[in-house]
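Remarks on the structure that follows.
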Amino acid sequence: MIAFIFRRLLLAVPVLFVVISLTFLLMRLTPGNPFSADRAIPPRILAKLEAKHQLDGTLWQQYTRYIRDVAHGNLRDSTKYFGRTVNEILAQTLPVSATLGSLAFLIALGAGIFLGTYAAVHHDQAQDRLAMLTALLGISLPSFILAPLLILVFCTYVPIFPVAGWGSPDQIILPAICLSLPFAAAIARLMRTSMLEVLHLEFVRTARAKGLPERVVIYRHALKVAILPVVSYCGPLAASILTGSIVVEQIFKIPGLGPFFINSVLNRDLFMVGGTVLVYSVTLISFNIVVDALYFLLDRRIKLTS
Amino acid sequence: MHCRATSFVFLTFLVGALLLPFTGCSRLSAPKADFTFINGAEPESLDPGIVTGQPDGRLCLALFEGLTSRNADGSIQPGMAERWEISPDLKTYTFHIRDTQWSNGDPVTAQDFVRSWERVLNPALASKYADQLYYLENAEAYNTGKLTDFTQVGVKAIDGHTLIVRLKNPTPFFLDLCSFTTLLPVHTASIAQYGDDWIKPGKLISNGAYKLAEWRIDDHIRLVANPHYWRASSVHFKVIDALPTSNANTSFNLFYAGKADMIIDKGQIPQLILNEIRNEPYFHANPFLATYFYRFNVTRKPFNDVRVREALALALDKDRIVTRITKAGEKTAGSITPPGVPGYNPPTGLGHNLEQARKLLADAGFPDGRGFPKFSVLYNNSELNKQIAIEIQAMWHDGLGLNVDLRTQEWKVYLNTLDALDYDVARSSWVGDYNDPYTFLGCFMAGRGNNRTGYANPAYDKLLDQANAEPDPAKRMTLLQQAETILVEKDVPFVPIYYFVGIVLYDESKIGGFIPNVVDEHPLRELYRK
Amino acid sequence: MSSTPHIFKQRYWRDPAFLGCVIFLVALVVAAVVGPHLTGYRYDQMDAKQFQPPGLAHWCGTDFLGYDMLTRILYGARISLLVGLIGALVSLTIGVTYGAVAGYIGGWVDNLLMRLVDILYSLPRIVFVIVMVAAFEKPGTALISRFNLNSLIPDVRLLLLFIGLGLVEWLTMARIVRGQVLVLKEQSFVQAARALGQSHFRIITRHLLPNMLGIILIYLTLTIPVIILEESFLSFLGLGVQAPAPSWGSLLSESAQYINPIRIYWWLLVFPAGFMAATLLALNFVGDTLRDAFDPRSQKK
């Protein structure tokens, strides 16, 4: 087990290397200059700015210099936010997104697993239909509509929560709900289907035959196997939910990392793009390792290969 | 046993998700500011030599003060210079710096200005706005590297309190320019000490009404009154929070819920509810120096034919655009220079005349639009640009029988396309840097970076050169007006559509000191609570 | 498996809910194809009066520019359904094959294939789309005009968008399928098939895939709304559908901007969201029913 995790961590290094290289090269191939603006910039000044950010010379030179800096933990300066290093921006914004994201992740996981199991147990009954209808609403109501609606209802009509901002505990509730809802709904649907299949399996039937109470059968035995597709889904989910969402963070004015994923690309702020991609990639890889380890522990029948 | 191990790992998984947080909780304790306003996008910098955006500029002007400064009504008044003399040929200015200090107690000196301007002009800084100092003798040569000796540039400190500025040409708007962000003084000693980090709280030393207290990315910037400011006693709000926002509805919600006293950025007011809120007491609109227009690529067929350009311009019903779409009381535009520059009467330009447009199009060889190639309108993506483009597409189609495609591009690609002249017709806008027609007209001289139409007319360039050399302000304005008439009535490399209005939301019964003005500058130090 | 169609007929066509959903989806597709011609308006035809509430002239009201909402919703259905369909197909073919192969072979192949997924997953997909549009829009347009298909030029961008979205939509599916295969291949019936010397292909298609059909179908129905909304986001950035053509996603993201404390034009929100929700509901229900119908175990009942 330890050896498995160690090997996977070792493998993460080449993966990160490829990711960061491809990101840099793609960004350099993308049309549009990091420094261009509404007001035209004289070519001389453009050249100076490029030199300042080490974007002069051939693409190969730019690339090797960048990789060397990244290897030393220097993610360089943002080309948009003057005098801000990417490390500094990440240090300020990532903890905010991670706080919000982990709460949303817990809500999504808790609500999704419960709702899905509940629906599966009451298969084809009214409870099942109702639970799945709720889940479906969660999927078809995108957060860019849900968020303003929630704000309208809970901040304007019935002012319980503050409209936006970050810093006090009551400011985290609405955004966390908005962020978690579509994922909770997706988990519920995956969970229900998977649980329905597992409830047919021999070992569940055996457990029932042994006369174990239904609750124990479902939550002790069946859930452990049925949760596997959800666990698969959770790797990428955790990575995207913990690193922030542009929609939710902009609408609730939360100073997180989410908007940087899109805006840095639009601004051609290429080192910031590199930083966000790196953060995302590291989170994703870590959670995928956790997911694969969980697979092993949840279902002994899987052999850890590689 | 197996079961327990499982739940243990599962718990680790959940707790792992909670690992990072709780380091990220920010200010809970900070006292409420006296005044909170929505400032627009997150500032890219607070370095006066670097900034280009309006939200950044607004904060720079609160932190720093130039030789001159602006009143609440936008007029120019003495700033760091308590008085000045202008030579008879209008080319030499002698500024007398007042006895005042930086926020750390250092005296403000004439040398501070020399060093600050040298810094902006130094090619090493790569300031995008360095050309705002090109009016000085030899400044351009120094900035472009043709001259390495800064003492030959037209700025000199005679002693700590006397600054002499020599200009290339009589520049009637120079005092205006002295209040502009690029010409603001900076504390060069602290820049030498901290490098690029000097703009951070705790390091930034300013000479204006405010000091920088806090700056959290995408969260807030807090300004506190600077006790060393020369008229500190007249500054009303002691603590100001500037909120960066990127979503107009969020900004409006914050304002509506009373969490912000003012929305000062037009982009942060939802376009779609302008109709509903324009009669509210908190709605304030004022015209300012900015124009929305459509460029023609004059290097491309058939737009190289002036009759075609004129026909397309005449076919536009601009009234329909301002009444149906923009809705904030914008005026339709005939010229690129908006009205409101003192002493300048912009030409009326081309109006709406479909008959004549059809006739011109027929003369150009396209009767009823027959044979006219399909072309596209390029715009950078935004809801407003899209709606205007759709209206214009319909006008050209229904009025002239032309087939028009719409082509959106995201901002940076759009800029590339403009610079490469790889478009047929493109949406654009221009905001004046100072209160003078030249800030608009200079763009369209042959070969200028901001020309972006391929337009070149030696007669036009000559008129502008003459105007620059003209010492008599009235004659100068006449020359500029002649030039602009060529531009918007004869050559038509673009068609002006409307003049922007600045929109500000605030409760008039609570906040005072805000006066609408054509330069759309509203010093924070003048604001007070009633 | 051979008896499935028979069972399917008997059990499911009599279910009024299933029948209703199928009829709704078919009607929607028909309406999307012919509807915009029948409403009496073009999708880009402006009415002088903006923001008309629903009435006899405009069943679903008009929007900011005076466009007929019903026409736009039906026209938008074309693009959104197509995007969803293509995304689902890519997810199904590439994702399932890739995941099944990785999980089944296991070992270093699995490891390599999954690390490749990690890499693709980490790259910002918006960059893909930008690069794609920038690099291929011009050549694509040139190619089409060479064949005198000028009316198709606006669709070049759309095609590139489809490709860009499709390129990344299969990744999660691959991970889920691979995870399921890891579980299933250790189960007794697969071991038995192996012991009997059945070919790998046969084991995957006959034993593994049928047992994962439920999860695959469910995840597929989850992917479709994600892709439809993704398209709206890219359109919002100016990378997707060219104005004035609508899509459901762009209609929804426009309507989101109308949610404010001052005034809400409810019909701009309710109708597009209603159509979208109803479609997703029907799709999910059909998906669930199909899952039950093709479930190898439920036949044993």
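Any value given below was found using the heavy atoms of this structure, including those in side chains, with hydrogens, waters and symmetry copies removed. The sequence lines fix the lettering, A, B, ..., with proteins before strands; numbering per chain opens at 1. What you see is a predicted model, and the numbers here were worked out from it, not measured in a lab.
- Under the 30°/60° scheme for interplanar angles, the aromatic rings of C:Tyr219 and A:Tyr233 are found to stand perpendicular.
- Minimum interatomic distance between A:Glu197 and C:Asn211 (heavy atoms only, all atoms of both residues): OE1-O, 3.1 Å.
- Looking at C:Thr172, the atoms closer than 4.5 Å to chain A (heavy atoms on both sides) all sit in the side chain, from C-beta outward.
- Of the atoms belonging to A:Ile145, heavy atoms from both backbone and side chain fall under 4.5 Å from chain C.
- Between chain A and the options C:Leu269, C:Leu280, C:Leu171, the largest number of non-hydrogen pairs under 4.5 Å is found for C:Leu280.
- A side-chain N or O of A:Arg189 and one of C:Asn284 form a donor-acceptor pair less than 3.5 Å apart.
- Here the closest heavy-atom approach between residue A:Ser194 and residue C:Ile215 is recorded as CB-CD1, 3.9 Å.
- In this structure, chain A has no heavy atom under 4.5 Å from any part of C:Thr279.
- Looking at C:Leu229, only its side chain comes within 4.5 Å of chain A, counting heavy atoms on both sides.
- Under the side chain to side chain contact (heavy atoms under 4.5 Å, CB included) rule, A:Thr193 has a single partner from C:Thr221, C:Ile216, C:Ile218, which is C:Ile218.
- Between chain C and the options A:Val273, A:Thr156, A:Ile285, A:Val277, heavy-atom pairs under 4.5 Å are most frequent for A:Val277.
- Only the side chain of C:Pro225 comes within less than 4.5 Å of a heavy atom in chain A; its backbone stays farther off.
- Interface summary for chain C: among A:Leu141, A:Thr276, A:Thr30, A:Thr283, the most heavy-atom pairs under 4.5 angstrom belong to A:Thr30.
- Between C:Leu123 atom CG and A:Ser281 atom OG the span is 8.0 Å, to the nearest 0.5 Å.
- Residues C:Tyr121 and A:Pro236 approach most closely at OH-CB, 3.2 Å, considering heavy atoms.
- Neither the backbone nor the side chain of C:Leu120 comes within contact range of chain A, judged by heavy atoms closer than 4.5 Å.
- In this structure the side chain of A:Asn288 reaches within 4.5 angstrom of the side chain of C:Arg175, judged on heavy atoms.
- For the atom pair CD1 (C:Ile259) and CG (A:Leu149), the distance works out to 4.0 Å, reported to the nearest 0.5 Å.
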Tabulate below the donor-acceptor pairs under 3.5 Å that side-chain atoms of residues 14-25 of chain A make, not counting sequence neighbours, or state none.
residue: A:Ser21; atom: OG; partner: A:Phe17; partner atom: O; Å: 2.7
residue: A:Ser21; atom: OG; partner: A:Tyr63; partner atom: OH; Å: 2.7
residue: A:Thr23; atom: OG1; partner: A:Val19; partner atom: O; Å: 2.7

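- Contacts of residues 125-136 of chain A with chain C at a heavy-atom distance below 4.5 Å involve A:Arg129, A:Leu133, A:Leu136, listed in sequence order.
- For A:Val282, no part sits under 4.5 Å from any heavy atom of chain C, backbone or side chain.
- The greatest number of non-hydrogen atom pairs below 4.5 Å with chain A, out of C:Gln257, C:Met212, C:Gln180, C:Met114, is found for C:Gln180.
- From A:Arg8, atom CZ reaches atom CZ of C:Arg115 across 3.5 Å, with rounding to the nearest 0.5 Å.
- Residue A:Leu266 touches chain C through its side chain alone, counting heavy-atom pairs closer than 4.5 Å.
- Of the atoms belonging to A:Leu284, it is side-chain heavy atoms, and not backbone ones, that fall under 4.5 Å from chain C.
- Of the atoms belonging to A:Ile246, it is side-chain heavy atoms, and not backbone ones, that fall under 4.5 Å from chain C.
- A:Ile151 contributes atom CD1, which lies 11.5 Å from atom CG of C:Asn260 (distance to the nearest 0.5 angstrom).
- Proximity to chain A (any heavy atom under 4.5 Å) is restricted, for C:Ile264, to the side chain, taken from C-beta onward.
- The contact between C:Ala277 and chain A is made by backbone and side chain atoms together, counting heavy-atom distances below 4.5 Å.
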